[in-house]
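Reckoned from all heavy atoms, side chains included, excluding hydrogens, waters and symmetry mates. Numbers here simply count residues along the sequence, with the first being 1.
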Amino acid sequence: MDKRKTKVYSSYDANILEALFIKYGLSKYYIRQCVNGAVHGITPDSIKKDYEIMEKAHKDVIMNLIQTTLK
C-alpha cells in the first residue's frame, strides 16, 4: 500500500517578495510566513495586504499586455 503523500507548496512571486523586502527591511522568509498566515500581528497583516494589492496589480498589467498584443 502506497502511503506517500505529496505536499503542495505555494509559490510566491519573487518580484513581489523582493519589493516587500525592500519596503519593510524584513527577511524574505518572514515575509512568506506573513503572507502564508503563520505569523499574526499588525505588521504581518499589512504585509499580507500589500502582497495581495501588488499581486492584483501585477495580474492586471499582464492582462493588459495580453489584450494589447492580441489586437
Side-chain angles (χ1 to χ4, degrees):
M1 191 159 43
D2 191 16
K3 293 187 178 185
R4 288 182 284 173
K5 295 181 181 178
T6 57
K7 186 172 182 179
V8 177
Y9 292 97
S10 299
S11 62
Y12 300 108
D13 189 347
N15 295 324
I16 297 174
L17 288 177
E18 184 68 28
L20 291 172
F21 170 73
I22 292 170
K23 179 177 180 179
Y24 288 100
L26 301 170
S27 70
K28 292 179 186 176
Y29 175 78
Y30 184 75
I31 292 171
R32 283 192 303 268
Q33 293 296 316
C34 294
V35 174
N36 187 21
V39 183
H40 303 288
I42 296 171
T43 304
D45 288 342
S46 56
I47 290 173
K48 187 173 184 177
K49 183 177 168 185
D50 285 347
Y51 183 86
E52 291 170 356
I53 291 169
M54 289 180 186
E55 186 176 37
K56 184 179 182 312
H58 184 262
K59 287 180 182 178
D60 291 343
V61 168
I62 296 296
M63 289 306 293
N64 286 339
L65 288 173
I66 290 172
Q67 290 175 355
T68 55
T69 56
L70 289 176
K71 292 181 181 179

- Task: State, to 0.1 Å, how close T69 and I66 come at their nearest heavy-atom pair, and which atoms those are.
- Result: OG1-O, 2.9 Å
- Query: When rounded to the nearest 0.5 angstrom, what distance separates CG in N36 from NZ in K48?
  - Reply: 8.0 Å
- Task: Search all heavy atoms of L17 against all heavy atoms of I31 and return the closest pair with its distance.
- Result: CD2-CG2, 3.7 Å
- Mind checking whether Y29 and V39 sit in one hydrophobic cluster, side chains of I, L, V, M, F, W, Y counted as touching below 4.5 Å? no
- Message: For the aromatic rings, using the six-membered ring if either is Trp, is the centroid distance between Y12 and Y51 under 6.0 Å?
- Response: yes
- Message: With a 6.0 Å cut-off (strictly less than), is the heavy-atom count around CD1 of I42, excluding the residue itself, greater than 12?
- Response: no
- When rounded to the nearest 0.5 angstrom, what is the spacing between SG in C34 and CG in L26? 7.0 Å
- Spatial distance of atom CD (E55) from atom CG (N15) [nearest 0.5 Å]: 12.0 Å
- Taking only residues two or more places apart in sequence or in another chain, which ones pass side-chain hydrogen bond (donor to acceptor under 3.5 Å, both in side chains) with K23? D50
- Mind checking the CE-CG spacing from M54 to D13? Nearest 0.5 Å is all I need. 10.5 Å
- For the hydrophobic clusters of this structure (ILVMFWY residues joined by side-chain heavy atoms under 4.5 Å, transitively), does one cluster hold both M63 and V61? no
- Message: Quick check: is F21 connected to Y30 through a chain of hydrophobic side chains (ILVMFWY, heavy atoms under 4.5 Å apart)?
- Response: yes
- Message: Under a 4.0 Å threshold between the charged nitrogen and the carboxylate oxygen, would K56 count as salt-bridged to D60?
- Response: yes
